[in-house]
Amino acid sequence: MSADWRTRLAQLIADGAIPSISTDLVPDRFEKVKGLPFSISLVEYIIQQYGIEKVIAVIKSPTEVESLLGISIAELDSAWREYLQKEYQ
């Protein structure tokens with residue numbers, strides 16, 4: 001991905017194209033929703049809020065996201081959307 005992924009992400013957010021973590025950032029929808037910049041920003045968010053150790057733990061056990069972070073996927077999705085609005089608009 002080119003260095004201007006943040007600019008592309010900001011445009012997608014401005015266009016109202018924020019995907020859902022649970023239904024869109026999945027293999028069969030990833031390309032359609034232009035998931036790469038959103039995934040990068042999700043990792044950024046998790047690092048800022050929970051630390052790099054939690055990212056590593058989630059990578060090792062992706063089905064345990066809720067127990068590892070102590071929040072539901074819906075709560076993570078909501079908090080991440082707020083982060084996107086603050087950071088990229």
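Not a single side-chain hydrogen bond (donor to acceptor under 3.5 Å, both in side chains) links Ser61 to another residue, sequence neighbours left out. Applying the salt bridge (Lys or Arg N to Asp or Glu O under 4.0 Å) test to Glu44 and every residue at least two apart in sequence or in another chain returns Arg6. Under the side-chain hydrogen bond (donor to acceptor under 3.5 Å, both in side chains) criterion, Ser67 pairs with Glu64, sequence neighbours left out. Residues passing the side-chain hydrogen bond (donor to acceptor under 3.5 Å, both in side chains) test with Glu75 are Ser72, sequence neighbours excluded. Applying the side chain to side chain contact (heavy atoms under 4.5 Å, CB included) criterion to Gln85, with sequence neighbours excluded, gives Ile13, Ile18, Gln89.
Between Arg81 and Asp77 a salt bridge is recorded (basic side-chain N to carboxylate O distance below 4.0 Å).
Of all non-hydrogen atoms in Ser41 and Leu84, the two that sit nearest each other are OG-CD2, 3.3 Å. Leu25 and Ser39 get closest at one heavy-atom pair: CD2-OG, 4.2 Å.
Residue pairs meeting the side chain to side chain donor-acceptor pair (under 3.5 Å) criterion with at least one member in residues 10-25, sequence neighbours excluded: Gln11-Asp15, Ser20-Ser22, Ser20-Thr23, Asp24-Arg29. Applying the salt bridge (Lys or Arg N to Asp or Glu O under 4.0 Å) rule to pairs touching residues 31-42 yields nothing, sequence neighbours excluded. Residue pairs that meet the ring pair (Phe, Tyr, Trp, His ring centres under 6.0 Å) test with at least one member in residues 59-89, sequence neighbours left out, are Tyr45-Tyr83. For residues 15-37, there are no ring pair (Phe, Tyr, Trp, His ring centres under 6.0 Å) pairs, not counting sequence neighbours.
In this structure, Asp4 and Arg8 have side chains that are not in contact, with every pair of non-hydrogen atoms separated by 4.5 Å or more.
No donor-acceptor pair under 3.5 Å is formed between the side chain of Ser78 and the backbone N or O of Ala74.
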Can you give me every donor-acceptor pair (side chain of residues 49-57, partner residue at least two apart or in another chain, under 3.5 Å) with its distance?
residue: Lys54; atom: NZ; partner: Leu68; partner atom: O; Å: 2.8

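Atom CD1 in Ile21 sits 4.5 Å away from atom CG in Leu42 (nearest 0.5 Å). One finds the CG atom of Leu36 at 8.5 Å from the CH2 atom of Trp5 (value rounded to the nearest 0.5 Å).
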| request: Kindly indicate, with the supporting measurements, whether the criterion side-chain contact (heavy atoms from CB on, under 4.5 Å) is fulfilled by Ile73 and Glu66. | output: CA-CA 6 Å; Ile73 295 295; Glu66 293 178 321; 3.6 Å; yes
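Both Leu69 and Val43 sit in one connected hydrophobic cluster of ILVMFWY residues. Membership requires side-chain heavy atoms under 4.5 Å apart, directly or through other members.
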